[in-house]
Amino acid sequence: MPGRIEDYAIIGDMQSAALVGRDGSVDWLCLPRFDSPACFAGLLGDDSHGHWRIAPPAGAGQVTRSYQGETLILQTQWQTATGTARVIDFMPRRGENETPVLARIVEGVAGTVELDCVLRLRFGYGQVVPWVRREGGVINAVAGPDSVWISTPVKLTGRDMEHRATFTVAAGERIPFTLTWTESHRPQPASCDAEDALAETSRYWADWVSACTYQGQYRDAVVRSLITLKALTYEPTGGIVAAATTSLPEDIGGSRNWDYRYCWLRDATITLEALLRTGYTDEATAWRKWLGRAVAGDPADVQIMYGVAGERRLAEWEAEWLPGYEGSVPVRIGNAAVQQRQLDVYGEVVDALCLAARSGIPADRHAWSLQRALLDFLEKHWSEPDEGIWEVRGPRRDFVHSKVMAWVAFDRAAEAAAGGLPGPAVRWRQLRDQIHREVTEKGYNSERGAFTQYYGSNTLDASVLLMAELGFLPPSDPRLISTVDTIARELVTDGLVRRYQLSPDGQSPVDGLPGTEGAFLACSFWLADALHMTDRFDLATELFERLLGLRNDVGLLSEEYDPRYGRLVGNTPQAFSHVPLIQTALNLANHAGHHCRRPAGRQQH
């Protein structure tokens, strides 16, 4: 059975990623892209759905692990009664037209250690058993469009639809294993020298991390989050997926299971901000270019998410043969929320493009005309209800956060027009002010002492914590301070913030889904930022350091944390958790304010 979600570490090549458990098992790997069918899907079922374990016999030895310095090279070490051995796992960065490789090097550290290797390939998310043959000492597994080649000096023996070996490694000895994927109609790819690839991979990460400009007290956490964000980047296009996995549950044993291997527009601004504020202009530029390509076309057709190359069709279906992580079904592939209307994304896109221009990223000649088309559409539709930031599968409503983001769109556009870009600045300011009046009149519940989830409701929603960060209200506004205090008092469990309130039976009348969920980690970082902006620095720091303590042993966060079980839940690692971690660390240090979405000193309503 798979391990706990926090037992997994990520390795990747900026086009795909693998999850490796503390037990030395690769339980998730999609090739050749993040959103390709998995060839190891044991994470969502059991060993029969595909995995690759290299470790001492079960129960032998004590295990520790870490990344090799500031890299994405994972080291898992076992200390046994006879010696110490280490498994080094990584995926070399691909050059143009190169095939993906998963490399594993077994190193003897002290004495001698006996290890087992168990390899079970299952294409098509654990459903398709490949035909396996040997060619010149290399194992080749083929089924349909997929072909995998396994190379190692260790003799692997096929039995019961898997390949096994038991071998011994001595101190100073290093034994390589490589798995290479290619399309099945193509010839065997060039062999990969694991040691050369390891050296090159180490150099790459050293060079990449050296560009980080943040040197504050939380540097280790910030750098690990930046590396994780880079690992979730699809390098050929610059798109950044929300997570490396699908269907890891928000509620263990429940049905709140979603596919996050796509690029959300909502992440655009905060991702740009985090990259720009830490010195990664090239990555920010690539993300901005991906954003412009993805949303190009009719503004009415803008989606909330896209594939890594800008694909629009992300049809949702269920892999019924997979039993799900700890029985959490259904296992969903694709995401039906792609069809939703979420008006806040228009504000996110305009905000991201304006932030990029303000930060010195050269604009292409179509960027401003694209923004104007989006603004024309939003002008006609901002007052309509939508599904909101949390992609609820219930009825559309007038969500407060969606209206605030419409305000952001016209506010940033008016600012850009005032700076010399062509556009109806007066009309945009009038729309901005109209939206502001409406939100403050209809979105604030004086009896609750808070801005609520949607007009006329008394339900709390953590997304309104962003009002000060967005510049919608100054941090000194009594309504904002009261909102922060009410959320901190009523929407918090074990010190962590939930997205919104669920009814006592666990079903929300808003999201239309059964079951409950953990605390959404991004919301907890938002509360830390709101506490900081409202001059509660000690409380903000305390909450931030509490959140840092929830990371697993290699510094990773999933989507949520469930206080009931003391476990990370949801897809992992989650960009929407690591990006606000970076932001909050920088905000606590007041770092590089000119790259913030709300520039320091700006006048607010």
Side-chain angles (χ1 to χ4, degrees), residues 266 269-270 304 340-351 354 374-375 377-392 395-415 425-488 490-491 497 499-501 510 523 526-527 529-530 533-534 597-598 602-605:
R266 184 171 294 110
T269 314
I270 62 170
I304 66 167
Q340 289 189 355
R341 169 167 287 187
Q342 297 175 21
L343 293 171
D344 63 297
V345 300
Y346 290 86
E348 292 289 2
V349 171
V350 173
D351 196 17
C354 287
L374 296 175
L375 289 159
F377 177 84
L378 189 61
E379 182 175 351
K380 297 180 180 70
H381 298 282
W382 70 265
S383 61
E384 298 172 1
D386 69 343
E387 276 91 0
I389 181 174
W390 304 127
E391 300 170 6
V392 299
R396 290 182 177 179
R397 300 181 187 268
D398 289 304
F399 288 103
V400 170
H401 178 75
S402 295
K403 308 303 184 189
V404 170
M405 291 310 302
W407 174 91
V408 166
F410 294 114
D411 176 74
R412 305 307 193 255
E415 179 187 16
V426 172
R427 188 169 83 242
W428 287 338
R429 282 195 293 270
Q430 290 172 343
L431 285 164
R432 175 195 67 184
D433 295 343
Q434 178 187 349
I435 296 169
H436 196 278
R437 286 192 299 272
E438 180 179 293
V439 171
T440 53
E441 290 171 4
K442 298 182 178 181
Y444 186 77
N445 186 319
S446 57
E447 293 182 3
R448 297 288 278 127
F451 286 94
T452 56
Q453 186 173 52
Y454 56 91
Y455 290 172
S457 75
N458 60 7
T459 303
L460 298 177
D461 190 305
S463 61
V464 301
L465 289 169
L466 294 169
M467 282 183 166
E469 179 72 22
L470 294 167
F472 185 83
L473 287 174
S476 58
D477 190 291
R479 295 165 297 183
L480 188 142
I481 294 173
S482 178
T483 298
V484 173
D485 290 344
T486 303
I487 287 175
E490 299 185 32
L491 204 56
V497 184
R499 292 189 294 177
Y500 45 80
Q501 291 171 309
V510 175
C523 298
W526 294 346
L527 177 58
D529 286 331
M533 294 189 73
T534 53
R597 66 195 308 182
R598 183 191 53 78
R602 176 166 170 199
Q603 293 297 314
Q604 299 163 307
H605 287 265

Worksheet item: Taking it one step at a time, do Arg479 and Met467 satisfy side chain to side chain contact (heavy atoms under 4.5 Å, CB included)?
Response: CA-CA 11 Å; Arg479 295 165 297 183; Met467 282 183 166; over 6 Å; no
Worksheet item: Do the rings of Tyr454 and Phe399 sit parallel, tilted or perpendicular, given the 30° and 60° boundaries?
Response: perpendicular
Of the non-hydrogen atoms in [X] and [Y], which two are nearest, and what is the gap between them?
{"X": "Thr534", "Y": "Pro475", "value": "CG2-O, 3.5 Å"}
{"X": "Leu470", "Y": "Trp407", "value": "O-CZ3, 3.7 Å"}
{"X": "Met533", "Y": "Ala468", "value": "CE-O, 3.7 Å"}
{"X": "Ser463", "Y": "His401", "value": "OG-CB, 3.3 Å"}

Evaluate the side-chain proximity of [Y] to [X]: yes if any heavy-atom separation is below 4.5 Å, no if none is.
{"X": "Asn458", "Y": "Glu447", "answer": "no"}
{"X": "Arg396", "Y": "Glu384", "answer": "no"}
{"X": "His381", "Y": "Arg341", "answer": "yes"}
{"X": "Gln501", "Y": "Leu491", "answer": "yes"}
{"X": "Leu473", "Y": "His436", "answer": "yes"}
{"X": "Ile304", "Y": "Glu391", "answer": "yes"}
{"X": "Tyr455", "Y": "Val400", "answer": "yes"}

Item to complete: Start with the C-alpha distance between Arg397 and Gln453, add both sets of side-chain angles, then the distance that settles side-chain hydrogen bond (donor to acceptor under 3.5 Å, both in side chains), and finish with yes or no.
Response: CA-CA 9 Å; Arg397 300 181 187 268; Gln453 186 173 52; over 6 Å; no
Verify, without hydrogens or angle tests, whether [X] (side chain) and [Y] (backbone) share a donor-acceptor contact under 3.5 angstrom.
{"X": "Ser457", "Y": "Thr452", "value": "no"}
{"X": "Arg266", "Y": "Ile389", "value": "yes"}
{"X": "Lys403", "Y": "Trp382", "value": "yes"}
{"X": "Thr483", "Y": "Phe451", "value": "yes"}

Atom [atom1] in [X], atom [atom2] in [Y]: separation rounded to 0.5 Å?
{"X": "Phe472", "Y": "Thr440", "atom1": "CZ", "atom2": "OG1", "answer": "6.0 Å"}
{"X": "Leu343", "Y": "Asp398", "atom1": "CG", "atom2": "CG", "answer": "9.5 Å"}
{"X": "Asp351", "Y": "Ile270", "atom1": "CG", "atom2": "CD1", "answer": "11.0 Å"}
{"X": "Phe410", "Y": "Glu379", "atom1": "CZ", "atom2": "CD", "answer": "5.5 Å"}
{"X": "Tyr346", "Y": "Leu378", "atom1": "OH", "atom2": "CG", "answer": "8.0 Å"}
{"X": "Asp485", "Y": "Glu490", "atom1": "CG", "atom2": "CD", "answer": "11.0 Å"}

Fill in: Reference residue Val484; test side chain to side chain contact (heavy atoms under 4.5 Å, CB included); the match among Leu480, Thr486, Ile481
Leu480
Worksheet, complete the sentence: side chain to side chain contact (heavy atoms under 4.5 Å, CB included) test vs Cys523 passes for just one of Leu466, Ile487, Val497, namely Val497
Worksheet item: Between Thr269 and Glu348, is a side-chain hydrogen bond (donor to acceptor under 3.5 Å, both in side chains) present by the stated rule, with each step listed?
Response: CA-CA 6 Å; Thr269 314; Glu348 292 289 2; 3.0 Å; yes
Worksheet entry | Check against side-chain hydrogen bond (donor to acceptor under 3.5 Å, both in side chains), Asp386 and Ser402 | CA-CA 8 Å; Asp386 69 343; Ser402 295; 2.8 Å; yes
